[in-house]
Amino acid sequence: MGKPISWALIERTCPEFQLNAWDFGFAIVAFIGVIQTGQIHEKKEEGSSLLATLALCDFLICFLYIMTYFTTSVILYFRSNLFADFRIDTLNSSTSVKILYDTIMTFTVFLLIVERFLWTCSSRTRLTWRIFTDKKLKRRLALVAIVYAFFSFFTRMFVLSDVPFCDIAPRPLLFEIEALKIIQLYVVPGIDAFVCVATLIFALLTILRLSKVGQGEEPVVQEEVNLEDGDAKGANGLNTNLIKRWIICILVVYATFLIRTVCYYIFINPLTSDLFEKTPSARNLTVWWYDFMSVLFSGSRYIVYYAFCRNQIVTEFPPTAIGQ
């Protein structure tokens, strides 16, 4: 049996959860993001496993924002003991889901950037590294990312604060066994940091390769490309500009991911920030603006896709470099 709920203590500890008009506006934005990301996932499911995985992560970001903030404010407004207990019981679960989709998203964006970089390389290079471009092999890589995400999840344990209704994850709980501490403090963070740095390097290399593609070159030789839109599937010989636009689109998606990652390591990560030295209210506000920024990036993904490629999103590209 948990401690009795003191609503007065909750209001003093985390006044940011008191319901106001802004909460409704932010919840509407997140709800629109849920709808759009759900549509993207449905459309990309057959076209690209990586895009479908990214859309699923975007969906979870928007959905969990509503459950974490708007729903909590409604519970506090009506002072429902039943739903307050439900929130307390599910705080660790929601934190666990965040860890899972953050890790999966990191590896998914890495795979997308590497694949787009290979699109700019020679046929021989693309065939050598077809593990990043072949549809079946990409699904296996996505599966590996999911397995690693669960491994990473088991190294990041959290405990609730003295006012459990308010706090999401007050402080990390380290393992007592020295070997497990090394995995938790160095191995897993090291792998995550390595993937982030590698993604940045491949993104820069992709930009460099695109800059070398001459202006006004002839379209790529009549090659088959799988498109998202059914009417466009019969269109062969997509020109270099369309392929370039889709590569640039993914680079823009990566730019939002890079901003989010930098903010995470500066303000949110328990190993690199002072988040857990703040008061519960300040901590919640810090996590809130980070989560809402993530909602804006994830919810606007469809707009970015449409702005660059309309309904001609290229999900597979044959082993020929752009401009060759």
Side-chain angles (χ1 to χ4, degrees), residues 36 40 43-44 46-55 58 105 107-135 137-138 141 196 198-261 297-298 300-324:
Q36 289 193 345
I40 293 174
K43 291 180 179 180
K44 306 293 182 301
E46 295 182 359
S48 171
S49 57
L50 296 180
L51 290 178
T53 303
L54 183 61
D58 290 334
M105 178 179 284
F107 278 83
T108 300
V109 172
F110 167 73
L111 295 175
L112 283 170
I113 291 297
V114 172
E115 182 182 25
R116 271 54 190 181
F117 167 74
L118 291 173
W119 282 11
T120 68
C121 296
S122 66
S123 173
R124 182 186 299 273
T125 302
R126 280 181 46 76
L127 290 173
T128 302
W129 297 97
R130 61 183 178 273
I131 187 174
F132 293 104
T133 56
D134 182 83
K135 182 180 296 186
L137 295 178
K138 284 190 296 185
L141 287 178
C196 291
T199 307
L200 176 60
I201 293 174
F202 276 106
L204 294 175
L205 290 175
T206 303
I207 295 173
L208 181 63
R209 295 279 300 178
L210 283 178
S211 67
K212 292 183 178 180
V213 177
Q215 299 296 325
E217 293 190 18
E218 293 297 321
V220 185
V221 181
Q222 301 285 317
E223 296 172 320
E224 292 235 1
V225 206
N226 294 331
L227 298 175
E228 168 206 289
D229 185 72
D231 296 333
K233 283 185 179 178
N236 297 332
L238 290 178
N239 59 38
T240 302
N241 288 333
L242 176 58
I243 304 300
K244 284 178 64 177
R245 285 203 309 270
W246 180 232
I247 295 175
I248 294 172
C249 175
I250 294 299
L251 289 173
V252 171
V253 169
Y254 169 68
T256 63
F257 174 80
L258 179 62
I259 294 172
R260 183 174 179 270
T261 301
F297 287 154
S298 296
S300 63
R301 201 86 73 199
Y302 181 82
I303 299 175
V304 174
Y305 292 157
Y306 185 81
F308 280 92
C309 299
R310 300 297 189 269
N311 64 339
Q312 292 184 309
I313 294 180
V314 183
T315 58
E316 302 292 334
F317 189 60
T320 305
I322 290 181
Q324 294 187 358

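Between Thr206 and Trp119, the closest side-chain pair of non-hydrogen atoms is not below 4.5 Å. By the 4.5 Å heavy-atom criterion applied to side chains, Gln36 and Asp58 are not counted as neighbours.
Partner Val109 forms a side chain to side chain contact (heavy atoms under 4.5 Å, CB included) with one of Leu50, Leu54, Ile250 and no other, that one being Leu54. The only option from Val114, Ile113, Thr108 that meets the side chain to side chain contact (heavy atoms under 4.5 Å, CB included) definition with Phe110 turns out to be Val114.
In this structure, the separation between NZ on Lys138 and CG on Leu51 is 8.0 Å, given to the nearest 0.5 Å. For the atom pair CZ (Phe257) and CZ (Arg301), the distance works out to 9.5 Å, reported to the nearest 0.5 Å. One finds the CH2 atom of Trp246 at 11.0 Å from the CG atom of Leu251 (value rounded to the nearest 0.5 Å). Atom CD1 of residue Ile207 and atom CZ of residue Arg116 lie 14.5 Å apart, to the nearest 0.5 angstrom. With rounding to the nearest 0.5 angstrom, the CZ atom of Arg126 is 7.0 Å from the CD atom of Glu115.
In this structure a side-chain-to-backbone donor-acceptor pair under 3.5 Å is present from Ser122 to Thr125. Between the Arg245 side chain and the Phe308 main chain, a donor and an acceptor come within less than 3.5 Å of each other. Between the side chain of Tyr254 and the main chain of Leu200, a donor-acceptor pair closer than 3.5 Å is present.
Listed by chain and number, the residues in a side-chain contact (heavy atoms from CB on, under 4.5 Å) with Leu141 are Leu111, Ile131, Phe132 (sequence neighbours excluded).
Ring pair Tyr306/Tyr302 is parallel by interplanar angle, where below 30° counts as parallel and above 60° as perpendicular.
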Test log, rule side-chain contact (heavy atoms from CB on, under 4.5 Å), inputs Leu112 and Thr199: CA-CA 9 Å; Leu112 283 170; Thr199 307; over 6 Å; no
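Contact between Arg130 and Leu137 at its shortest, heavy atoms only, is O-CD1, 3.7 Å.
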